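Following: one structure in structure tokens, then a few remarks.
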Amino acid sequence: MNFGLLQRKYKKIFILLFTLIISLLAVAAWTSRTKVAESDGGLRFYAFDVGQGDSSLFVLPDGKTILIDAGPEDGGKKLVKELKKLGIKKIDLLVATHPHSDHIGGMRRVLSNFQIGKIWDSGFISSSPLQKNFYSMIQKKNIPFGRPKRGHSEKMGDVLVEVIAPAQLIRGTKRDANNNCLVLNVKYGRTNFLMLADMEREQRLTVRPLPRAAVLKASHHGSSNGTDMSLLKEVRPYFIILSYGRNNSYGYPHKEVVRAVSSSGIIRLDTKDGTIRIVSDGEKISYPQNREVGKNGSY
Ligand SMILES: [Zn+2]
């Protein structure tokens, strides 16, 4: 037997196997990186830093996605980048809560960059060119479109999307667009994410009481016409998300809101500090600092 030949043969096989394993590992690493959007069994929530505006994403346990608002026009590019970084290719449900530019300004870029399953809006018509362009893009792309009202709910896998408002369209308030917002509660197991958009006091009166929710996306960027102590007592959140731009000219968040939140012991997370990520397993929720809350009496 020629041992030298045998050794060379084994060496060759070893090198071949080694190369194969390395290649497989590289492919696995690449695949897991590109499939981030396919969730790991929980519900993932993101609130993005889009400057002075609002944009939140849910990645459902089955990988489906819900994007609520797209921030202002000048934040659109950054939002698209963030979504792509998360591996998002399709938005299954895109929600335009109301036609103000700090919520639908980035829609043009979102519609141009992602496949869209369907779109919901509040049904409040403003005569702004921004909303007109949004509608004409939806028409051109032939995207299914709806205007659900309070009482409507939609099952998306294990997640239930409930329409809390509008109950009916309101006219004659100081800011009608805000008072006709599309407000959703995203429910996974025993955890609720209440997304108040820019709802103000007048609209709130039409939909009381609000459901209890572990996570509350505060209304109207932390404005005092959107949040007060009675609302916090009604919803009783563990987390409150304040979505606003650094040094904004409106003075958001208002100091009354900041005071009410801190005296209630609610964990406050601000988008101006960067993307917020919260995960729910249906029972308890956790946020980047890995602190778990809601093990007992979660909601
Ligand atoms: Zn707004």
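Computation of the quantities below employed the complete heavy-atom set of this structure, encompassing side-chain atoms and omitting hydrogens, waters and symmetry-equivalent molecules. What you see is a predicted model, and the numbers here were worked out from it, not measured in a lab. Count residues from 1 along the sequence. For ligands, and for the atoms within them, numbers begin at 1 and follow the listed sequence.
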Next on the checklist: For residues 164-174, which residue pairs pass the side chain to side chain donor-acceptor pair (under 3.5 Å) check, not counting sequence neighbours?
Outcome noted: T173-D176, T173-N179
Checklist entry - Can you tell me how far the CD1 atom of I278 sits from the CZ atom of F58, to the nearest 0.5 Å? => result 9.0 Å
Checklist entry - Using the ring of each side chain (for Trp, its six-membered ring), is H98 parallel, tilted or perpendicular to H100, with breaks at 30° and 60°? => result perpendicular
Item to check | Mutual orientation of the aromatic rings belonging to H221 and H103 [parallel < 30°, tilted 30-60°, perpendicular > 60°] | outcome: tilted
Next on the checklist: I'd like to verify the contacts: list protein N, O or S atoms under a distance of 2.8 Å from the Zn ion (ligand 1).
Outcome noted: D102 OD2, H103 NE2, D198 OD2, H221 NE2
Checklist entry - If we only count heavy atoms from C-beta on, is the V163 to W120 side-chain gap below 4.5 Å? => result yes
Checklist entry - Between I285 and S280, what is the shortest heavy-atom contact and its length? => result CG2-CB, 3.5 Å
